[in-house]
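These notes are about the structure you will find just below.
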Protein chains: 2
Amino acid sequence: MAGPDEQDERAFLESYDPRAFDPVAVTVDVVALTIRDGALHVLLVRRGEPPFAGMWALPGGFLRGVRDAEDLPEAAVRELAEETGVSAADGPLERVHLEQLGTYGAPGRDPRMRVVSVAYLAFAPELPDPEAGGDAADAAWTPVDALGLTEAGDQRPGTTRRLAFDHARIVSDGLERARSKLEYTPLATAFCAAEFTIPELRAVYEAVWGEELHAGNFHRKVLSVPGFVESTGGTADRGGRRGGPRPRLYRAGDARLLHPALLRPSREEEIR
Amino acid sequence: MAGPDEQDERAFLESYDPRAFDPVAVTVDVVALTIRDGALHVLLVRRGEPPFAGMWALPGGFLRGVRDAEDLPEAAVRELAEETGVSAADGPLERVHLEQLGTYGAPGRDPRMRVVSVAYLAFAPELPDPEAGGDAADAAWTPVDALGLTEAGDQRPGTTRRLAFDHARIVSDGLERARSKLEYTPLATAFCAAEFTIPELRAVYEAVWGEELHAGNFHRKVLSVPGFVESTGGTADRGGRRGGPRPRLYRAGDARLLHPALLRPSREEEIR
DNA sequence: GCAATAGTGTCTTTAAGACATTATTGT
DNA sequence: ACAATAATGTCTTAAAGACACTATTGC
């Protein structure tokens, strides 16, 4: 074992000048989810440069470390704002729920150098189409079903829209987190406008979980969970797409956890 | 907005030489939890050098980025092994459950420089006392109750064992994760030896949740969850500490999720 | 002997899910 | 007119929790 002096010196070097010995880059990537036309979409940008030129990737970029040092969630909001063309200050991004998803740092995940990526998950109501003005060659909301993601976190052969780096894994993790969070938190309301109807809320669950829910039971269940939604007293402009009475309007309640939870019907496979 | 050439150049620089512009150091810290004498303990090391000299901190260190590049979980296992003095290859660390907890990167969290720390959470059965041979001046399993952690993630005034950096927040997050995971995963078995009794398992729940559970209902509940535990057919050497029949022995089952879950009795406060 | 404990039984309350029903709307 | 839909009602089953009880052990 190294003597005390030698050890102190090493500790000093490692502590005070990381550039001198072992460079690691930190990026922040965002898995932004929204619902469009009843389907779950994720925001992707098309890469213009190698590596993975022409493939799609999550919006993200390097963390500003010292110059204009920013916190991790700040960096995530910045990346999201850059890609959507929406300023973080004004409206739409206000209602975005942001949470940390996980950090990905396997050696070789970026062929250029050692990169550790902190991934954030964003839940948003319908946002504008991304503007191509950002860093990327192109950007678009993409239906997650079009990515052909497998349970193992990669893409099925034959999927045309390929994801760069390990972003298939990150998107898979984000989707699983979203599906899980809908069970025990009121996060589904983050996909809705400020006022929404129970059928709209059910459409969110169906889009994220990818399965149909029983309308009657869902309705009663949502109203029975304390603090999930609260009535506005109002009524929607019109009924369902093909008829039916006008649903009542609700807004998000003050609950942070759903109790009892809204469990997914088909969870049997994941148990073992 | 910058022209295409200028933009390309900036992207090139940022992509290929992070050392040239904005250094960020990456560390991996470990919140290692175990149960000793019926109480939940966390592994801490005492800092010998400023900043925060004399205070306690989580075991951790810099990620080996290029030289001996290692994946994040590898780094966590390495840090844990270094502090416990147990080689990762042999016995005890084999049964340790490891999962990523979160990443902490607020500017100023380390006064020396910009550090992003990836925190891992480890659940372990009883491990040996740490050896002081590692980097740290001292290392010890510490009862989490002795840290005086508040719900806000800091330490109550008057707590003697102060935590350095934002490690009070990280430990708090780790504890909350552990408490939550006990509800819907069989992770409590990771705190037990290979063979254990239902009362021992209940002691784990009581230590992590910090509340007593009804022995009879707990027993029936555990056996009713498919795949949580399976009988070994054996019986413990002796009964309870102050009498009682000898409990039967079980081992961990093949379930990855508990269904139905084992919910904490007192969750009322956290809901809103 | 006595107190503590493991394990099981019973009962009540709550919640989930299947199904039915009524009223109201769009086409 | 007709089909779709919102919202509510009913019934069955599963599960949680309170409580009681027996058998077995340590001291």
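We name chains A, B, ... by the order of the sequence lines, and we start the count at 1 in each one. It should be emphasised that the depicted structure is a prediction, and the values quoted were computed from it without experimental measurement.
- DNA chain C is contacted by B:R242, B:G243, B:G244, B:P245, B:P247, B:R248 of residues 231-251 of chain B, taking any non-hydrogen atom closer than 4.0 Å.
- The side-chain heavy atoms of A:L58 and A:L44, taken from C-beta on, include a pair separated by under 4.5 Å.
- For residues 232-245 of chain A, the set of pairs meeting the salt bridge (Lys or Arg N to Asp or Glu O under 4.0 Å) definition, not counting sequence neighbours, is empty.
- For A:D173, the side chain to side chain donor-acceptor pair (under 3.5 Å) partners two or more places apart in sequence, or in a different chain, are A:Y104, A:R169.
- Nucleotides of DNA chain D with any atom under 4.0 Å from a heavy atom of chain A span, from 5' to 3', D:dA4 to D:dT10.
- Residue order along DNA chain D, read from the 5' end via each residue's closest nucleotide, puts A:R220 first among A:R220 and B:L262.
- Bounding nucleotides for the chain B contact on DNA chain C, 5' to 3', at a heavy-atom distance below 4.0 Å, are C:dA4 to C:dT10.
- Scanning for side chain to side chain donor-acceptor pair (under 3.5 Å) contacts around B:Q100 gives B:Y120, with sequence neighbours left out.
- Between the OG1 atom in A:T185 and the CG atom in A:L262 there is a gap of 10.0 Å [rounded to 0.5 Å].
- Within residues 197-215 of chain A, the residues approaching DNA chain D are A:P199, A:R202, by heavy-atom distance under 4.0 Å.
- Remark: B:R36 engages B:D129 in a salt bridge (Lys or Arg N to Asp or Glu O under 4.0 Å) (not counting sequence neighbours).
- No donor-acceptor distance shorter than 3.5 angstrom exists from the side chain of A:S180 to the backbone of A:E176, with no hydrogens or angles considered.
- Every pair tested for salt bridge (Lys or Arg N to Asp or Glu O under 4.0 Å) that includes a residue from residues 142-161 of chain A fails, sequence neighbours excluded, so the list is empty.
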Under 3.5 Å, which donor-acceptor pairs link side chains of residues 222-233 of chain A to any protein atom two or more places apart or in another chain?
unit_1 : atom_1 : unit_2 : atom_2 : d
A:S224 : OG     : A:K221 : O      : 2.8
A:E230 : OE2    : A:R251 : NH1    : 3.1
A:S231 : OG     : A:G233 : N      : 3.0
A:T232 : OG1    : A:G234 : N      : 3.1
A:T232 : OG1    : A:L249 : O      : 3.3

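- Residues B:L147 and B:Q155 form a side-chain contact, since some pair of their non-hydrogen atoms from C-beta on lies under 4.5 Å apart.
- Residues satisfying the side chain to side chain donor-acceptor pair (under 3.5 Å) criterion with A:E99, sequence neighbours excluded, are A:H97, A:R177, A:K181.
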Listed pairs under 3.5 Å, donor-acceptor, residues 187-209 of chain A side chains, sequence neighbours left out:
unit_1 : atom_1 : unit_2 : atom_2 : d
A:T189 : OG1    : A:P186 : O      : 2.7
A:T197 : OG1    : A:E200 : N      : 3.1
A:E200 : OE1    : A:T197 : N      : 3.1
A:Y205 : OH     : A:L182 : O      : 2.9
A:E206 : OE2    : A:L213 : N      : 2.9
A:W209 : NE1    : A:R179 : O      : 2.9

